[in-house]
Amino acid sequence: MGFPKSNESIYAISPYIGGDVTPPGFVRRVVLASNENPYGPSDAVKQVVRQYADRIHCYPSGAANGLREAIGQTHGIDPAWLVTGNGSEDILHLLARAYVGKGDEVLIPQHGFGVYKIATLAMGGIPVEIPRVDFKLNVDAILERVTPRTKIFYLDHPGNPIAHYLTNTEIDDLLERMPSHVLVVFDSAYAEYMDNDDYHCGTKWVQRYPNVVMARSFSKAYGMANLRLGWLYAHPEIVDPISRIRPPFNTTGLSQAAGIAALGDQAWIDYCTQLNKKNLAKFVNDMNDLNIPMIPYTSNFVMAYFENTQEVYKYLGQKGLVVRPMGAYNLPSYLRITIGKQEEMQELVEVLKSCPHR
Ligand SMILES: Cc1ncc(COP(=O)(O)O)c(C=O)c1O
């Protein structure tokens, strides 16, 4: 008896490995493995979630009208240019489904977020890796790899697990020279954490270039990873095909209502991102004191290098501190550590001090 075969390219996909992996002997007490906001969402969001029980028998607004209005107001952009998704990964997949066919090429930064490759291969596309030098992307290296078959360039902005980003000047240069048949996708999942002068989330380029779009997430600074909510900002010509293929109810009414509440409490985002900045600076100092090398960091995590990475990972896990090994990103000597609460980072530093494998 033979089974029906899925599309051939799907077998080239390595399933996504998330931060929920708990090897034997691990204690999930302090989880610093998925770049979540350790302070969670705003109280306004929690209240909406508690009160939503009476409405779960009703279908949500398929087009998420209220939420798109609220996003539009918060960011000063037109709701007609927005599509919401089941997390921003849904948006990344929808773009591939709409724009990538068999044999088409998709540019993906080396060590780029895993979903780019999965979304590409799922459509029979060919992932084309953009090499990094010293963990940095370079505009020429990107443009050199564009061919008539290139359909999408997924730009992690800033990246995960490599936190590098192209500066405003570099992006201006890139977009002036990028052929218009390539859809440039700014994946700005960590944008709320960025206050660097040479960084911009991408909205201004979406408005200027018809081939530029931006994906955003409620999973990081907004503290709503479990509610699965993200959005796309794109010209209506691009919103159109995405809206045709989008599962009609890809965001729940609960997540839409929570998203509206979250957007209404920007003070919470400021509070959390400021705390993150403080905790990050302190942690980086402590790591430097311990002589543990790190890849340049910027948002809410660091990538730390260890000689005996697996042993350190296990030692931490057994002490109740779960971080993320990076073998799946071809960075087997690194552990990605999310910036948690100050006391959590302090505990991690103490455990690292006592770690015999460091
Ligand atoms: C760079 C990047 N993009 C997108 C996502 C997806 O986020 P979500 O689907 O939870 O919105 C993540 C999550 O880890 C990420 O790190």
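Bear in mind that the values here come from a model prediction, so they are computed numbers and not experimental data. Whatever order the structure lists them in is the order used to number ligands and atoms, beginning at 1. The basis for the numbers below is simple: all heavy atoms, side chains too, and nothing from hydrogens, waters or symmetry mates.
Enclosure of atom OH in Tyr271 is not indicated, since only 12 or fewer non-hydrogen atoms of other residues, nucleotides or ligands lie within 6.0 angstrom.
Nearest heavy atoms, Leu227 versus Ala258: CD1-CB, 3.5 Å.
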Show me the donor-acceptor pairs, under 3.5 Å and distance only, between side chains in residues 12-25 and residues at least two apart or in other chains.
residue	atom	partner	partner atom	Å
Tyr16	OH	Arg324	NH2	3.4
Thr22	OG1	Asp20	O	3.2
Thr22	OG1	Arg28	NH1	3.1

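Remark: the Lys282 side chain and the Gln346 side chain contain an N/O donor-acceptor pair separated by less than 3.5 Å. Residues Tyr165 and Asp198 bring a donor and an acceptor atom of their side chains to less than 3.5 Å of each other. Using modelled atom types and a 3.5 Å distance limit, the side chains of Gln110 and Tyr329 yield no donor-acceptor pair.
Using a 4.0 Å heavy-atom criterion, the residues that approach ligand 1 are Gly87, Ser88, Glu89, Phe113, Asn160, Asp187, Ala189, Tyr190, Ser217, Ser219, Lys220, Arg228.
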